[in-house]
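In what follows, a structure is listed as structure tokens, so that the remarks can point back to it.
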Amino acid sequence: MAEIGFSELSANVGSEVDGVDLGEAMSDSTLGRLVAELADRCVLLFRGQDITPAQLIDFSRRLGPLEEHVLSNFCLPGHPEIFVVSNIIENGKHVGAFGGSKQYHSDLAYHDKPSMGSVFHCLECPEEGGETSIVSMSAAYDALPQERREWLCKQRAVFDYVWYYEQAHHDRPKLTEEQKRRVPPVGHPAVRTHPVNGRPSLFLSEVWVRQFEGTSDEESQEILAEILEFATKPEFTYVHAWTPGDVLIWDNRNSIHKACPFDEQNTRRRMHRTTIKGTAPYFESTA
Ligand SMILES: [Fe+2]
């Protein structure tokens with residue numbers, strides 16, 4: 001295997017990885033370097049990856065056990081570990097999740113054990129638009145005023161999937177009672193410690209966060225909007241313009257991401273995503 005190398009994609013977010021073919025077996029030492037780099041940079045990019053769904057799953061499993069998504073109707077047939085994100089309609093049906101994710105979030109943050117990370121393989125994408133924008137929530141946290149950081153360190157945020165889905169996704173099928181039962185509201189520390197490098201990060205998003213515990217929905221939404229307006233400034237952000245064959249991994253423990261708009265009527269975008277299981281967020285004060 002060629003020598004592994006990293007190059008920065010932006011000041012605070014993202015490293016491009018050279019010298020790795022994700023379709024080949026990977027040594028533990030290479031894997032360890034990727035895990036450390038991902039924790040520090042939030043995002044890893046591998047270009048030119050011509051890999052099968054099975055190879056994507058095999059590589060993803062090296063990072064941890066995989067989730068099967070609550071929206072099982074959008075999983076790849078025969079591969080429940082792969083969640084399809086696409087605007088494509090085949091035989092009158094959407095082949096993947098569509099119309100969502102245009103607001104900043106980290107995947108499965110509404111679970112008691114949110115996803116550790118997500119691996120995205122680009123199969124088709126428009127020539128313009130459809131980028132993915134990713135924010136380093138550790139860089140944003142570091143740059144907040146001290147008073148705000150101290151307040152946030154004492155907060156727990158309530159993530160409520162059903163509350164959000166019912167007001168935002170009128171274009172998607174209604175959730176079944178069984179699906180609702182699987183995603184009750186959950187509270188997480190608003191600042192979490194990264195288990196690999198120990199850095200604190202904001203753990204908030206534009207979706208699902210209903211309130212800070214003990215604060216009204218209305219007041220919570222005002223505070224949340226103010227914090228996220230600060231966090232999503234360009235200096236904490238990397239915007240990835242996709243090319244087919246790109247594999248992008250993002251760390252859901254210290255970043256949020258969203259898809260940018262594109263011409264959904266006249267162009268095709270198709271991505272395969274695996275979602276790595278995570279552990280319960282915690283915060284360890286370093287003060
Ligand atoms: Fe996502």
Side-chain angles (χ1 to χ4, degrees), residues 49-60 66-111 115 118-134 159-184 205-208 239-250 252 256-276:
Q49 301 293 323
D50 183 16
I51 56 174
T52 64
Q55 287 172 320
L56 178 66
I57 291 168
D58 286 348
F59 166 69
S60 301
L66 304 184
E67 298 273 3
E68 294 179 17
H69 200 277
V70 65
L71 299 174
S72 55
N73 41 328
F74 291 142
C75 292
L76 188 66
H79 295 288
E81 305 90 343
I82 291 184
F83 185 64
V84 180
V85 177
S86 181
N87 66 319
I88 297 169
I89 295 174
E90 285 173 359
N91 303 319
K93 284 177 69 178
H94 282 272
V95 301
F98 58 96
S101 302
K102 299 223 171 38
Q103 290 180 287
Y104 279 113
H105 63 281
S106 64
D107 297 319
L108 306 186
Y110 48 83
H111 282 193
S115 163
S118 298
V119 184
F120 242 79
H121 186 208
C122 175
L123 302 175
E124 295 179 71
C125 58
E127 289 190 8
E128 278 192 311
E131 302 92 344
T132 298
S133 180
I134 302 141
F159 289 71
D160 189 334
Y161 182 91
V162 175
W163 166 80
Y164 179 74
Y165 190 103
E166 290 184 341
Q167 62 180 347
H169 290 317
H170 298 295
D171 54 342
R172 289 194 191 176
K174 283 202 180 320
L175 293 175
T176 64
E177 289 307 310
E178 165 61 15
Q179 285 172 324
K180 287 184 186 180
R181 194 187 59 73
R182 288 171 60 189
V183 283
S205 66
E206 288 182 342
V207 298
W208 309 318
V239 180
H240 182 63
W242 292 93
T243 302
D246 286 351
V247 169
L248 203 70
I249 309 176
W250 54 74
N252 282 312
I256 50 176
H257 60 273
K258 68 174 182 179
C260 300
F262 65 101
D263 181 353
E264 302 206 22
Q265 299 304 317
N266 301 302
T267 62
R268 292 164 64 95
R269 186 175 189 266
R270 181 182 173 93
M271 308 277 183
H272 284 173
R273 178 181 115 193
T274 57
T275 310
I276 302 150

With a 4.0 Å cut-off, would you call E127 and R268 a salt bridge? no
Can you see whether T275 engages D107 through a side-chain donor-acceptor pair at a distance of less than 3.5 angstrom? no
Residue of the set W163, Y164, Y161 for which side chain to side chain contact (heavy atoms under 4.5 Å, CB included) holds with Y110: Y161
Output yes when a side-chain donor or acceptor of S115 lies under 3.5 Å from a complementary backbone atom of I276, and no otherwise. yes
Rounded to the nearest 0.5 Å, how far does CD of E128 lie from CD of E131? 8.5 Å
Quick one: sort the F120 and W242 rings into parallel, tilted or perpendicular, breaks at 30° and 60°. tilted
side-chain contact (heavy atoms from CB on, under 4.5 Å) for H111 and V183? Distances and angles first, verdict last. CA-CA 7 Å; H111 282 193; V183 283; 4.0 Å; yes
H272 side chain to L123 main-chain N or O, any donor-acceptor pair under 3.5 Å? no
When rounded to the nearest 0.5 angstrom, what distance separates CD in E67 from CZ in R273? 9.0 Å
Got D263 and P126 here, is their nearest side-chain heavy-atom distance under 4.5 Å? no
Please confirm whether the backbone N or O of Q49 pairs with a side-chain atom of H121, one donor and one acceptor, at under 3.5 Å? yes
With rounding to the nearest 0.5 angstrom, report the OG to CG distance, S118 to L248. 10.0 Å
Classify the angle between the aromatic ring planes of H257 and W250 as parallel (below 30°), tilted (30 to 60°) or perpendicular (above 60°). tilted
Backbone N or O of E264 within a donor-acceptor pair of the N87 side chain at under 3.5 Å? yes
For the student: nearest non-hydrogen atoms of Y104 and S133, plus distance: OH-OG, 2.6 Å
Roughly how far apart are K258 NZ and S205 OG, rounded to 0.5 Å? 13.0 Å
So how far is it from I57 CD1 to T274 OG1, rounded to the nearest 0.5 Å? 8.0 Å
Has the side chain of D160 got a donor or acceptor atom that lies under 3.5 Å from a matching backbone atom of W208? no
Sub-4.5 Å side-chain heavy-atom contact between L56 and V119: yes
Heavy-atom closest pair, residues G92 and I89: C-CG2, 3.6 Å
Whether the side chain of H105 engages the backbone of Q103 through a donor-acceptor N/O pair (distance < 3.5 Å, no angle test) should be reported. yes
Distance check, rounded to the nearest 0.5 Å: T52 atom OG1 versus H79 atom NE2? 7.5 Å
So does Q179 get a backbone contact from the side chain of T176, meaning a donor-acceptor N/O pair under 3.5 Å? yes
Apply the test side-chain contact (heavy atoms from CB on, under 4.5 Å) to residues I51 and V247: give CA-CA distance (whole Å), side-chain angles for both, the deciding distance (0.1 Å), then the verdict. CA-CA 10 Å; I51 56 174; V247 169; 4.2 Å; yes
Test item: H94 and I88 side chains (from C-beta on) under 4.5 Å apart, heavy atoms: no
With a sphere of 6.0 Å drawn around CD of E178, does it hold more than 12 non-hydrogen atoms of other residues, nucleotides or ligands? yes
